[in-house]
S.K.: 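The structure is given below, and queries will be raised subsequently.
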Amino acid sequence: MSEQIKSVRGMRDILPEEIEVWQSVEAIIFKTLESFGFEEIRLPIVEDLRLFQRSVGSYTDIVQKEMYVFQDKAGRHLALRPEATASVVRAYLEHQIYLKKKITRLYYSGPMFRYDRPQKDRYRQFYQIGAEIFGGSSPYFDVEMIIILSKIFNLIGISEYLFEINSVGCNICKIKYETKLKEFLELNKDQMCQDCKLRMQHNVLRVLDCKLDTCRKIIRNAPTIESFLCNDCIKHQEAVYTVLDKLHINYEKNQYLVRGLDYYTKIVFELKIKNEENSVAGGGRYDNLVKELGGPVTPAVGFAIGMDRLCSILNGDLCIKNKILIVFLDKQSIEAGMPIIDNSRISGIRISADYSERSLKSHLKNADRENINNVLILGENELEKKCFLYKNMRDGSQKYIKFDELSNFFKELKNVKDSHMRTD
RNA sequence: GUGGGUGUAGCUCAGUGGAUAGAGCGCCAGACUGUGGCUCUGGACGCCGGGGGUUCAAAUCCCCUCACCCACCCCA
């Protein structure tokens, strides 16, 4: 026997029983984004390696050790995208969208790739849905992003979530703070962990995020970004917090929240769900990135939702779509029934038939197991009466449905929603 | 990338050198001839993750490898 080929490490199949959740969640997210005026953009998965080096940052872990890099046959250095903001910006510039619109709202969806060590809810191919606003420097664009996220999570039915928010400052105060922080840390260098010593070289802010007690002690006495923010950045963050308070959005300031991508300025945020270790969404403002990638000065904000994590949290909480199973008891029933069903079939409800010659008992057992609430039975008795026998598996009730009323019956069932999720 | 754990039936797991590898759940069939969930009876199901080694003998011990899980790192 030949060896079984399996999916490669960190890559997985998302099977039908899981996809139901994915589709519901995707529908909610897309509809919400559309309702805020966002338009979809579809991007390539493969990009020029330099795009990520310049945007995400050469010294970030993402670029240094987590990127899938390869050369094509012409020797081009390419990468599988580790995130999509860089691609959106690239497309925004390549097509000179900034000339056509003052404010541009875009969203994307698809797989991202990071060569990480796989863990629960962390895959090497993972899925993000993200949104970006270009051309708006007002803090209220940041707030809009947070509103959208909270709207999405409310619609999904998750109520216990929290935004962690911080300001990492603009180009000016961020750099000022970084040098001050570095100076401070230099004094305590010998007590700090090996990782932090490296972080000091390339990305000082990351030190703030260290989990080790010894480092945390030092960090507690370190200067905070807040005291270094310039007037503009202070005004910006205050405006954000003021509106969030009025909106009663659940958030917490976190001085130590630092994101792993270098391009963020001013407001950064992450969304955490109660009792969940990982954050399921994150984002922030990036006012310099468009310019750094060769475009005009263009302020921007964005976020990305981690679909794998979100759907895995929801998975135990399945919404069951209304399904119908049609069961035939003999050959005559199949021959008579198939054309009737064929004519009555409507879209938007799952009608599947089982033509196996099995006992009714075994068919019903099967329906029960597969969580199918509605069964239509066709056998000798029904053929005589020119109707199907409908059985509701929930309460066990039964009634006859005439052949010419089948289509209307399907429509009726379609309107019965069996779900806590609102997709419209 | 670092450290630890696990891998045996569809699922959860027992089995620490000895015969034909077990249990619970699930599955199939019957009791109940056309009615699921409860009960009882019977039945099917295993490259013991893969490769190599030690041994008269390996699921069990050793080495390698792959995958998953946990922590770190990082992130979504």
S.K.: Starting at atom CZ of A/Arg81, determine the distance to atom P of B/A76, rounded to an integer number of angstrom.
M.R.: 14 Å

S.K.: Expressed in whole Å, how much space separates the C1' atoms belonging to B/U20 and B/G46?
M.R.: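 The answer is 13 Å between these two C1' atoms.
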
S.K.: Aromatic ring centroids of A/Phe38 and A/Phe30 under 6.0 Å?
M.R.: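 Judged by ring-centre distance (under 6.0 Å), A/Phe38 and A/Phe30 do not meet the cut-off.
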
S.K.: So, is A/Arg124 near the phosphate of B/A67, with a side-chain N or O under 4.0 Å from OP1 or OP2?
M.R.: no

S.K.: Less than 6.0 angstrom from the centroid, inside 45 degrees of the normal: does A/Arg42 satisfy that with respect to the ring of A/Tyr108?
M.R.: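 Not flagged: A/Arg42 not positioned over aromatic ring of A/Tyr108.
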
S.K.: Regarding A/Lys272 and the six-membered ring of A/Tyr161, is the cationic atom NZ or CZ under 6.0 Å from the ring centre and inside 45° of its axis?
M.R.: no

S.K.: Under 4.0 Å from any atom of RNA chain B, heavy atoms only: list the residues of residues 115-122 of chain A that qualify, in numerical order.
M.R.: A/Asp116, A/Arg117, A/Gln119, A/Lys120, A/Asp121, A/Arg122

S.K.: Using atom C1' of each nucleotide, how far apart are B/A59 and B/G7 to the nearest Å?
M.R.: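 Looking at atom C1' only, B/A59 and B/G7 are 11 Å apart.
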
S.K.: With rounding to whole Å, what would you report as the distance between B/C45 and B/G50 at their C1' atoms?
M.R.: 22 Å

S.K.: Can you check the distance between B/G18 and B/C32, where both ends of the measurement are the P atom (answer in whole Å)?
M.R.: 47 Å

S.K.: When you match A/Ile62 and A/Gly396 each to their closest nucleotide on RNA chain B, which lands nearer the 5' end?
M.R.: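 Nearest-nucleotide comparison on RNA chain B picks A/Gly396.
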
S.K.: When you compare the protein's N or O atoms with those of nucleotides 38-41 of chain B, which come within less than 3.5 Å of each other, and at what distance?
M.R.:
none

S.K.: Can you tell which of A/Glu144, A/Glu40, A/Glu39 makes a salt bridge (Lys or Arg N to Asp or Glu O under 4.0 Å) with A/Arg105?
M.R.: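 By the salt bridge (Lys or Arg N to Asp or Glu O under 4.0 Å) criterion, A/Arg105 pairs with just one of A/Glu144, A/Glu40, A/Glu39: A/Glu144.
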
S.K.: Less than 3.5 Å between a donor and an acceptor, one on the side chain of A/Glu370 and one on the base of B/G36, is that the case here?
M.R.: no

S.K.: Could you give the distance separating B/G37 and B/C25 at their P atoms, to the nearest angstrom?
M.R.: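 About 15 Å, rounded to a whole number of Å.
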
S.K.: Could you work out which one of B/C68, B/G34, B/A76 sits closest to the side chain of A/Arg114?
M.R.: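 That would be B/A76.
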
S.K.: Can you list, in residue-number order, the parts of residues 298-309 of chain A that come under 4.0 Å of RNA chain B, counting heavy atoms only?
M.R.: A/Arg309

S.K.: A/Asn392 has an atom CG; how far is it from atom P of B/G36, in whole Å?
M.R.: 15 Å

S.K.: Between B/A57 and B/A21, how far apart are the two C1' atoms, rounded to whole Å?
M.R.: 16 Å

S.K.: Report the C-alpha distance between A/Arg54 and A/Leu293 in whole Å, list the side-chain angles of each, state the deciding distance to 0.1 Å, and finish with yes or no for side chain to side chain contact (heavy atoms under 4.5 Å, CB included).
M.R.: CA-CA 7 Å; A/Arg54 286 187 200 163; A/Leu293 288 176; 3.8 Å; yes

S.K.: Under 4.0 angstrom, heavy atoms only, what part of the nucleic acid is A/Gly283 near: base, sugar-phosphate, or nothing?
M.R.: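 It contacts nothing in the nucleic acid.
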
S.K.: Between B/G37 atom P and A/Asn366 atom CG, what is the distance in whole Å?
M.R.: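 For the pair A/Asn366 CG and B/G37 P, the rounded distance is 13 Å.
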
S.K.: Are the aromatic rings of A/Phe228 and A/Tyr177 close, with centres under 6.0 Å apart?
M.R.: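 Ring centres of A/Tyr177 and A/Phe228 closer than 6.0 Å.
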
S.K.: Take A/Leu49 and A/Val63 through the side chain to side chain contact (heavy atoms under 4.5 Å, CB included) test and state the conclusion after the steps.
M.R.: CA-CA 9 Å; A/Leu49 171 62; A/Val63 168; 5.7 Å; no

S.K.: Below 3.5 Å, does any donor atom in the side chain of A/Asn381 face an acceptor in the base of B/G34, or the other way round?
M.R.: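 Present.
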
S.K.: Kindly indicate, with the supporting measurements, whether the criterion side chain to side chain contact (heavy atoms under 4.5 Å, CB included) is fulfilled by A/Phe126 and A/Phe113.
M.R.: CA-CA 6 Å; A/Phe126 61 100; A/Phe113 301 84; over 6 Å; no

S.K.: Go through A/Asn288 and A/Asn171 one step at a time and tell me if the side-chain hydrogen bond (donor to acceptor under 3.5 Å, both in side chains) criterion holds.
M.R.: CA-CA 8 Å; A/Asn288 306 317; A/Asn171 244 1; 3.1 Å; yes

S.K.: Does the gap between the ring centers of A/Phe388 and A/Phe403 come in under 6.0 Å?
M.R.: yes

S.K.: Of all the nucleotides listed (B/U35, B/A76, B/C68), which has the minimum atom distance to the side chain of A/Lys391?
M.R.: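 Out of B/U35, B/A76, B/C68, the nucleotide with an atom closest to A/Lys391's side chain is B/U35.
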
S.K.: Select one nucleotide: of B/C73, B/G36, B/G34, the one nearest the side-chain heavy atoms of A/Lys65.
M.R.: B/C73

S.K.: Do the numbers put A/Arg12 on top of the ring of A/Tyr123, so that NZ or CZ is under 6.0 Å from the six-membered ring centre and no more than 45° off the axis?
M.R.: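 A/Arg12 over A/Tyr123 ring: yes.
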
S.K.: Separation of A/Arg358 atom CZ from B/G30 atom P, in whole Å?
M.R.: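 Result: 12 Å.
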
S.K.: Without decimals, in angstroms, what is the distance between A/Asp61 CG and B/A76 P?
M.R.: 12 Å

S.K.: Closest to the A/Ser362 side chain: B/A29, B/G34, B/U35?
M.R.: B/A29

S.K.: Please report the distance, rounded to the nearest Å, between CG in A/Asp330 and P in B/U33.
M.R.: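 In whole Å, B/U33 P lies 17 Å from A/Asp330 CG.
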
S.K.: For atom P, what is the distance between B/G24 and B/G42, given to the nearest Å?
M.R.: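 After rounding to an integer number of Å, I get 12 Å for this pair.
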
S.K.: Please evaluate residues A/Val89 and A/Phe134 with respect to the criterion side chain to side chain contact (heavy atoms under 4.5 Å, CB included), reporting the C-alpha separation (whole Å), side-chain torsions for both, the decisive distance (0.1 Å), and the verdict.
M.R.: CA-CA 9 Å; A/Val89 174; A/Phe134 295 101; 3.8 Å; yes

S.K.: Taking B/A23 as the reference, what is the distance to B/A44 when you measure between their P atoms (whole Å, please)?
M.R.: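 Looking at atom P only, B/A44 and B/A23 are 12 Å apart.
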
S.K.: For residues A/Met145 and A/Ile133, determine if any side-chain heavy atom of one lies less than 4.5 Å from a side-chain heavy atom of the other.
M.R.: yes

